[in-house]
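These numbers were taken from a predicted model, which means no experiment stands behind them. When reading the values below, keep in mind they use all heavy atoms of this one structure, side chains included, and skip hydrogens, waters and symmetry mates. Within every chain, numbering begins at 1; the chains are lettered A, B, ... in the order of the sequence lines, protein sequences first and strands thereafter.
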Number of protein chains: 2
Amino acid sequence: MIELTQRDQIVLEAIINDYIETGEPVGSRTISKRSAMNVSPATIRNVMADLEEMGLLHQPHTSAGRIPTVKGLRLYLDSIMRSRQLGGHEKERIRDALQNRPQDITELLRGTSRLLSQYCRQAGVVLWPKLSIASFKHIEFLRLGPFDIMVILISKAGFIHQTHIESKEEIAQAELDKYSLYINEILRNVPLSRVNQRIREEMESEKALFDRLFSRALQIVNRAIQYAIEDSEIYIEGQTNLLDNPEFAHVEQMRRILQAFEDKSKMIRLLDETLKASTGIQIVLGTEGELLREWQEMSLVSAPFRRGDTPLGVLGVIGPLRMDYSRIIPIVEFTAEFLSQMLEIADEG
Amino acid sequence: MIELTQRDQIVLEAIINDYIETGEPVGSRTISKRSAMNVSPATIRNVMADLEEMGLLHQPHTSAGRIPTVKGLRLYLDSIMRSRQLGGHEKERIRDALQNRPQDITELLRGTSRLLSQYCRQAGVVLWPKLSIASFKHIEFLRLGPFDIMVILISKAGFIHQTHIESKEEIAQAELDKYSLYINEILRNVPLSRVNQRIREEMESEKALFDRLFSRALQIVNRAIQYAIEDSEIYIEGQTNLLDNPEFAHVEQMRRILQAFEDKSKMIRLLDETLKASTGIQIVLGTEGELLREWQEMSLVSAPFRRGDTPLGVLGVIGPLRMDYSRIIPIVEFTAEFLSQMLEIADEG
DNA sequence: TTTAGCACTCTTTTGGGGTGAGTGCTACCA
DNA sequence: TGGTAGCACTCACCCCAAAAGAGTGCTAAA
C-alpha cells in the first residue's frame, strides 16, 4: 500500500479536481494558486515529481502539466474523495422524474436510464438481468401453428417475456388452455429460479404420473423459463452526451466507443459481473475491467437495485475517466435506492 | 420541368457517379477522360456551366470541381438513374439472413434493420407502426392491484402490446378471466382497426344489455386497443456505420445526426409519413422533407412492407446524400418484398 | 525545507510561399 | 456554329520556419 503524506494527498486531490474540471494537464502554478495551502509552484513541483514516481501521475510530454493515471484515480476514489451529499431538491428531481413515469416497467427502466444520462451528462445504463430473481405471475400458451407454440411469461413485477417453442406432437389450443390453467395454479408466486425444482416435484407427484399431457406442459414451461432466464434487457440512453467530452473529439475514438455500445451482449456481461461482485456502488476504471479493454479511456459507475436483499439489476453511468465522481456517485446511489423502492411497490399487487 | 439534352444527362450522370464514388468535387478533366463520349474538358466545362445555371450542380469555391445539388440528385434519381438488378446470390444472402432469424417478431425486425445496415454500410431502420393494421389474436387481463389491470394484447403476427388500465371499481381475477374468455371469442381475427366497430355492435346486442360486467370489459378493451394503436416500435441499427463517411468527419455534424436518432418520436413521424405517402420505394433527400431539417446532409431510402395490399410498416436505409442509390434501392426494395412474404407466413397460424 | 530564478523543452499557433487542381475566357478550327 | 486548345487566374492545401506560451528541472539562496 502506498503511503502518502497529508500534503501529497492534498496535491493529488487538487490536481484531480482541476483535471476533472478542465480536461487539460495541470501545472504546478495552477495548483499553487488554487489550493488553500500557501506554497510556491516550486514546492508543488517537488511533490508532483514524487507522485509521478509512485505512478499516480503522468506527464504527456516533458513540458506539459500532469494528469492523473488510473492508479492515481483509484487511490483518489478509494481513500481521498468525499462524496458530496445530494441536496434535497436534487433528490426531489430524481423522485419526480421516476414517479411520473408510466407504470409500464419497460418505460420505467428506460426512463431511469435517460434520467441518469441527462442528469450526469454522460451515457446512462440500466441492466434488467434475467428474470432469474423475479417471481412467477402468469403464463399463457398460444398456438401459432400445429407444432408451434408461443409462450408468454409474465413476472410479478410486470415484465413480459415471450418465447417460441416447437412441440413434437400436434397440439390444440384447447389443450394449451388446460395447461396454462394448471400451471398458473401450481406456480403462483414461485420465484423463477425455483420453478425448475418445483416442476420436478410436481412431475414426481401422482397427478403427473396419471396425465402424460400435463407432464408435457411442464416440460414446455421448463424450456420457456430456461430461455427467459437467459434473457436480459439493457437500456442505454444519452450516448450523444459523450460527444460533448473534449477527450472524444477524434472520430476514431468516438467510433470505437459507440461501436462498443452497439455490442449489447458485451455490455450485458460487463454489468452482470458488477452485479455479482458487489452490493454497493462500484466503479470500474478503463484498464481495470477486462471487458472494458476496448475503451480504456472510459469508466463505469454502477450500483445494484434490489428488492429486499436480493439484487434485481444494475444501473449506472458510463463516461470518460474524467468524470465528476463526487457528484455522480451519490446520484447513482440514490437513483438505485429509489428505483428499488418503486419496484417494491410495483411488486406487491 | 427542366429540359436536358442527351449530353447534359450523360454529363450529369457521370458527375454524380464519380461524386458518389469519391465524395470529392468532380472536375471537367475527370469526366472527359472517364465518360465514353470523346469530348474535351473544355466542352464539358461548358455543359457544366449550363447545369450549374439550372441549379443542378454547385461549386464549393471558384477553383473547385462541381458537386450535385439536391435538385440535381433528385433529377438524377427520377429520370436518369437505372437501378442495378440484384444478383441471385445477393438475394440469397438477404433471404438467408432473414430466414434464419428466431421467430420472435421483434428479433426479426431488429435483424432486418441490422441486415440493411450491414449490407448497405449505412444505418438501417425498420418501423413497425401501430398495430392498426394487425389482426386480433389474443387478449389477457391480469390483476395487479384492486383497481389496476394489466392488459396484454397479442396480434396475429405475434406482436405483443401491454397496457395498464385503472378500473373505477374493484375487480377480481376470476372476473377478468371471464372477460378474456368472452372477448377472445368475439374478437377472434378481427382487424384491430375494426375492433372499435365490432365492440359497438356487441354492446348493442342483447347479451351486453343483460350483463353490465361484460360491457365494462368491452370498454376496457377499447381503451387498451386505443393505446396499442398509437404505439409504434422503431429499430435503428448500425448508426456507427455513418461514422465511416468522410462527410461526417467533423464531430459537430456527427453529434447533430446521432442526436436526431435519439429522438425516436421524430423518426417515427418521418417514417410514418412516408408510409402514408406511397406504396413503393421512396427517397427523401436532405432539405426536401420537413422533418429532416435537422440533418440536411442526410437522405432516406425507404419502402413499405405489407400484407397483401395493406401496408404494415416501413423499412429503409439512412445515410449521407452521397449514397450508392443504384445499389441501395434494389436492396431496400427486395428486403421489403421478402419481409412481407415472411410476415404473410407468420400470420397464417 | 521552501522558494526564486533561469535555462530548457516541447506543443501550438501563425504566416508566407509554393503547388496543383480546376475554372473561365478568348481565340481558333472544322 | 459547336467543339477545342491555350492561358491567365483563383483557391485550397501543404509545408516549413519562426514565435509564443506553458511548464518543467535544477541550482542556489533564504
Nearest non-hydrogen partners of Arg121(A) and Asp244(A), listed with the distance
NH2-OD2, 3.6 Å

Does Arg255(A) make a cation-pi contact with Phe248(A), if we ask for NZ or CZ under 6.0 Å from the ring centre and within 45° of the axis?
no

Just by protein heavy atoms under 4.0 Å, how would nucleotides 10-25 of chain D read 5' to 3' in B, S and -?
BBS---------BSBB

Whole-Å distance between dC26(D) C1' and Asp50(A) CG?
15 Å

Taking atom P of dT3(C) as reference, at what distance in whole Å does atom CG of Asn38(A) sit?
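Roughly 9 Å, once rounded to whole Å.
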
Got a donor-acceptor contact below 3.5 angstrom from the Gln59(A) side chain to the Ala64(A) backbone?
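A pair under 3.5 Å: yes.
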
Measure from the side-chain N and O atoms of Thr43(B) to the backbone N and O of Val39(B), and report whether any donor-acceptor pair falls under 3.5 Å.
no

Passing candidate, side-chain hydrogen bond (donor to acceptor under 3.5 Å, both in side chains) with Arg45(B), options Ser28(B), Ser40(B), Ser32(B)
Ser28(B)

Distance from [X] atom [atom1] to [Y] atom [atom2], nearest 0.5 Å?
X: Thr30(B); Y: Glu24(B); atom1: OG1; atom2: CD; value: 10.5 Å
X: Leu243(B); Y: Leu258(B); atom1: CG; atom2: CG; value: 6.5 Å
X: Leu271(B); Y: Lys266(B); atom1: CG; atom2: NZ; value: 13.5 Å

What does the list of N/O pairs under 3.5 Å between the protein and nucleotides 26-29 of chain C look like, with a distance for each?
none

Is the phosphate of dT3(C), meaning OP1 or OP2, less than 4.0 Å from a side-chain N or O of Ser40(A)?
yes

